Amino acid sequence: MLHSDFQRRRSQLLSKIAGGTAIFNAAPQAVMHNDVEYNFRQDSAFYYLTGFNETDAVAVFAPHHDEHQYILFVQPKDRAKETWSGYRVGVDAAKEHYGADMVYPIAELDQHLPKYLEKADKLYYHFGIDQAFNDRILNHYRSGVRQYDRRGTGPLSIADPMAVMSALRLHKSDYELSQMRQAVAIAAEAHNLAIQKRKPGLYEYELQAEMEMIFRQHGAIGPAYPSIVASGANSCILHYVENDRQMQDGELLLIDAGCSVNYYNSDITRTYPVGDRFSPEQRILYELVLKAQLAAIDKIKPGNPWNEFDDTAVRVISEGLIELGLIVGELDTVIKDKLYKPFFMHGTGHWLGLDVHDVGGRKTGDLWHTFAPNQVITAEPGIYIRSDFEPLEGQPMVPDRWLGIGIRIEDDILVTPDGNEVLTAAVPKAIEFLER
Ligand code: GLY
Ligand code: MN
Ligand code: MN
């Protein structure tokens with residue numbers, strides 16, 4: 001953990017919220033079954049600002065308060081509970097190690113919150129899935145509003161901190177990039193192992209296990225999302241996670257797997273033959289997806305708007321599918337009427353960071369965001385033709401030889417001052433390196 005990064009983020013937040021007070025709730029502890037819990041994963045916004053890794057915690061930012069601008073509420077030390085559920089940082093150590101101006105036990109939240117709200121002109125709060133906590137914060141807000149007439153101060157509106165947080169999180173610091181490069185390097189090694197080891201007769205979960213072993217062996221927390229190891233027609237299911245099928249010669253294998261290092265993620269997809277060679281149809285579609293991906297990546301440079309990146313992949317794929325006779329129509333109509341959607345139904349990419357689908361936004365009003373250095377985005381066009389493909393009205397049925405082919409190629413791209421860097425370049429995607 002790099003304290004200076006967390007400190008800088010907090011100062012940026014404090015200056016952006018100016019006269020307001022912001023409240024962030026830690027993630028709840030998710031239950032697996034009965035009294036067994038999942039490994040804890042902190043809420044990304046909470047982690048971004050605090051670096052604090054426990055549930056049942058609240059962070060308050062009050063730039064206008066005389067004494068405390070950054071306040072933490074945490075679980076107190078409790079020997080008996082810690083014996084069962086693991087160490088807690090506790091109130092004293094939280095103050096010492098996490099940079100808060102004041103730390104209270106979480107049980108005292110209702111008691112202390114009013115004094116950090118009474119001078120604020122606005123409350124920044126994201127209404128999350130914890131309804132009880134939402135209600136609690138609303139009650140504080142309402143009681144402040146009731147006292148406004150008398151006091152003449154206090155928040156009269158609630159704003160979601162999302163816009164402020166997105167703008168901060170979109171630009172990765174050197175520390176963040178080092179974590180992401182590590183997550184990329186580990187996942188790249190895992191993908192390269194899968195490329196070597198894949199062969200007809202293996203079960204999808206066998207490759208999943210090999211890859212996830214590499215994640216843990218190198219100290220990653222684990223997968224960044226449930227690993228997708230999809231052979232044959234499973235490759236057409238975007239979030240296929242069963243991974244329980246035996247792969248056959250002649251099929252494609254699509255693996256979408258990344259890992260998480262100190263909460264920072266990688267997200268990589270490669271598609272290649274289960275056996276040694278692509279079939280003619282697989283090869284044609286693979287080359288088309290690769291062409292679309294390379295053209296889209298070319299658009300990732302400072303000053304270029306997001307939609308140009310997305311539109312480029314759509315245009316190349318649409319053009320190719322028209323040429324193959326799989327879509328009928330003029331290119332511009334195919335794009336305008338989204339006739340490519342039955343084949344390419346997801347976006348070309350997303351921001352990547354603490355969340356796999358990271359915050360950052362694509363548009364403000366009608367204005368597309370433009371790329372800027374130190375942003376990280378995935379580039380992941382695909383073509384998917386389900387075995388039970390259904391053409392749109394007026395479009396032809398796809399001949400049988402194309403059915404059951406799903407292809408995605410996904411890289412993680414850093415925007416640099418001059419253009420971009422493909423962080424995931426260590427995993428091959430040219431056909432000559434995927435065939436044997
Ligand atoms: N693995 C999730 C995604 O590619 O967006
Ligand atoms: Mn992705
Ligand atoms: Mn992915």
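All ligand and atom numbering here is 1-based and tracks the order in the structure. We count residues from 1, following the sequence as given. Computed from a prediction, not measured in an experiment: that's the story for all the values here. What you see below is based on every heavy atom in this structure, not just the backbone, and it leaves out hydrogens, waters and symmetry mates.
Contacts between His239 and ligand 1, counted as non-hydrogen atom pairs separated by less than 4.0 Å, are absent for every part of the residue. Neither the backbone nor the side chain of Ile228 has a heavy atom within less than 4.0 Å of ligand 1.
Per-residue contacts place His357 under 4.0 angstrom from the following atoms of ligand 1 (heavy atoms of the residue considered): 2 (C), 3 (C), 5 (O).
The Mn ion (ligand 3) has Asp256 OD1, Asp256 OD2, Asp267 OD1, Glu410 OE1 as protein N, O or S atoms under 2.8 Å away.
Ion pairing between a basic and an acidic side chain is recognised when a charged N comes within 4.0 Å of a carboxylate O; Asp256 and Arg408 show such pairing. Taking the charged nitrogens against the carboxylate oxygens, Lys429 and Asp411 do have a contact shorter than 4.0 Å, which makes a salt bridge. Using a 4.0 Å cut-off between charged nitrogen and carboxylate oxygen, Lys299 and Asp311 do not count as a salt-bridge pair.
Under the 30°/60° scheme for interplanar angles, the aromatic rings of Trp351 and Phe371 are found to stand perpendicular. Taking the six-membered ring where the residue is Trp, Phe278 and Tyr286 present tilted rings, their angle falling between 30° and 60°.
Side chain of Ser260 to main chain of Ala224: no donor-acceptor pair is present (N/O by atom type, distance under 3.5 Å, no hydrogens or angles). When atom types are taken as modelled, the side chain of Arg136 and the backbone of Gln131 share no donor-acceptor pair closer than 3.5 angstrom. With hydrogens and angles ignored, the 3.5 Å screen pairs no side-chain donor or acceptor of Arg283 with any backbone N or O of Glu287.
Ranking the protein heavy atoms by distance from atom 3 (C) of ligand 1 puts Asp267 OD2, 3.3 Å first.
Any N or O atom pair closer than 3.5 Å counts here, and His350 shares at least one such pair with ligand 1.
Contact analysis leaves His346 out of contact with ligand 1, as no non-hydrogen atom separation drops below 4.0 angstrom.
For residue His350, an N/O/S atom approaches the Mn ion (ligand 2) to within less than 2.8 Å.
No side-chain donor-acceptor contact under 3.5 Å links Ser227 and Gln208.
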